[in-house]
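If you're wondering where the values come from, they're calculated on a predicted model, not measured in any experiment.
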Amino acid sequence: MANRILVTGGAGFIGSHIADAYLRAGWRVWIVDDLSNGRARNVPEGASFTQLDIRDARLADVFAEAGGFDIVSHHAAQVDVRVSVADPRRDASINIDGFLNVAECAVTHGCGRFMYVSSGGVVYGEPDRRPTPESAPKRPLSPYGVSKLAGEQYLHYYANQRGFEYAAVRYSNVYGPRQDPHGEAGVVAIFSTRVGSGTPLTVFGDGEQTRDYVFVGDVVSANVTIAAAALPAPDTLDARAFNVGTSVETSVNELAATMMRAAGREVEVRHEAPRIGELLRSSLDASRLRGLGWAPAVTLHEGLEQTYRHIMAQEISG
């Protein structure tokens, strides 16, 4: 019998790539997505798809009908920092209550390993050290960061009190094909669209703020690696956490210049006032993940080129 994986948020940017990878590996794939952000066209052929909010009690039916899962890859979330600040209760409803619904179903119906998507871009806040290791202080500066960290803390409880098997993957700024222009990494999709249409790029502040941009294909390989790895005992919150990033800081100015080189055309760059509360610098130390044999394989230029081509093809096809 083929192994089974549930990907929540599997019609979305990253989740759909995860689903693709496991289908290629011969797994049976279930996807749950309410399509509030995901797109039906991202659901791969061969996956069993249920349009459902992760807060819905009917989620238990998906688990029961499948007979449990070898892996639950939990990508469904409210991911916009600005939304979390404007409406913390909405953020908590999805990222805490929704998460708990998924986790409780996994505990009740069986789950070999729960892969929880956290965020290395927000749980550390403005870090003292870069690249930032998993053990760095957790100082989230937004409700989104708080809710993501809360999910890790719940899983630490589940592991120690109920024997639940899990790993927390703390993504840096993921970009690539199928990306929507939401969140901080969404700047890649925005820049791609604007360069393609010849529209000026908007850079907030001086453009020297940095992020750690990691290509979605490398994020998929990281997930597959962690899901199959022998993991340490969950003695501390960070014991089962893995940063997923390149450990390289790229400024917004560098990103704009590299995007234009990848696209083979230039547009005007305009600067506007800085955004209040924006992190100044961020990059993740992925040494722990590299110790499992993983390494990013796609350079920023290559990844931007692939992303640009994908977005332009989507624009042409409508």
Determine whether the side chains of D238 and S135 contain a donor N or O and an acceptor N or O closer than 3.5 Å. no
Could you tell me if H75 and T8 have a donor-acceptor pair between their side chains, going purely by distance under 3.5 Å? no
Parallel, tilted or perpendicular, as decided by the 30° and 60° cut-offs, for the rings of Y154 and Y158: tilted
For R90, is the CZ atom crowded, meaning more than 12 foreign heavy atoms sit under 6.0 Å from it? no
With under 30° as parallel and over 60° as perpendicular, where do the rings of H74 and F114 fit, or are they tilted in between? tilted
Plane angle bin for F63 and F69 - parallel if under 30°, tilted between 30 and 60°, otherwise perpendicular: perpendicular
Counting C-beta onward and ignoring hydrogens, is there a side-chain heavy-atom pair between Q179 and V216 closer than 4.5 Å? no
Taking D80's backbone N and O only, do any of them form a donor-acceptor pair with Q78's side chain (distance below 3.5 Å, no angle check)? yes
Verify whether one side chain among N223 and Y171 offers a donor that lies under 3.5 Å from an acceptor in the other. yes
Main-chain N/O of C105 paired to T108 side chain as donor or acceptor, under 3.5 Å: no
Is it the case that more than 12 heavy atoms not belonging to Q153 sit under 6.0 Å from its CD atom? yes
For T250 and R211, which I'm curious about, is there any donor-acceptor pair between the side chains at under 3.5 Å? no
Main chain of R178, side chain of H310: is a donor-acceptor contact present, judged purely on distance under 3.5 Å? yes
Any donor-acceptor pair under 3.5 Å from Q209 side chain to F204 backbone: yes
Taking N243's backbone N and O only, do any of them form a donor-acceptor pair with E134's side chain (distance below 3.5 Å, no angle check)? yes
So does P143 get a backbone contact from the side chain of K148, meaning a donor-acceptor N/O pair under 3.5 Å? no
Identify whether the distance between the nearest side-chain nitrogen and carboxylate oxygen of E249 and R130 falls below 4.0 Å. yes
Tell me, with the steps shown, if R194 and E268 meet salt bridge (Lys or Arg N to Asp or Glu O under 4.0 Å). CA-CA 10 Å; R194 292 192 173 186; E268 180 186 356; over 6 Å; no
Please check if the number of heavy atoms outside R139 that lie under 6.0 Å from its CZ is greater than 12. yes
Donor-acceptor pair, D87 side chain versus V83 backbone, under 3.5 Å? no
Does any part of the side chain of V117, heavy atoms only, come nearer than 4.5 Å to the side chain of R170, both counted from C-beta? no
For a side chain to side chain contact (heavy atoms under 4.5 Å, CB included) check, start with the C-alpha distance between I226 and W294, then their side-chain angles and the critical distance, and finish with the verdict. CA-CA 9 Å; I226 297 166; W294 176 89; over 6 Å; no
Whether the S283 and D212 side chains hold a donor-acceptor pair (N or O, under 3.5 Å, no angle test) is what I'd like checked. no
Parallel, tilted or perpendicular: which fits the ring planes of Y213 and Y175, with parallel below 30° and perpendicular above 60°? perpendicular
Just by distance, with hydrogens left out, do E208 and N253 show a side-chain donor and acceptor under 3.5 Å apart? yes
Would you check if S118 and L149 make a side-chain contact, meaning some heavy-atom pair closer than 4.5 Å? no
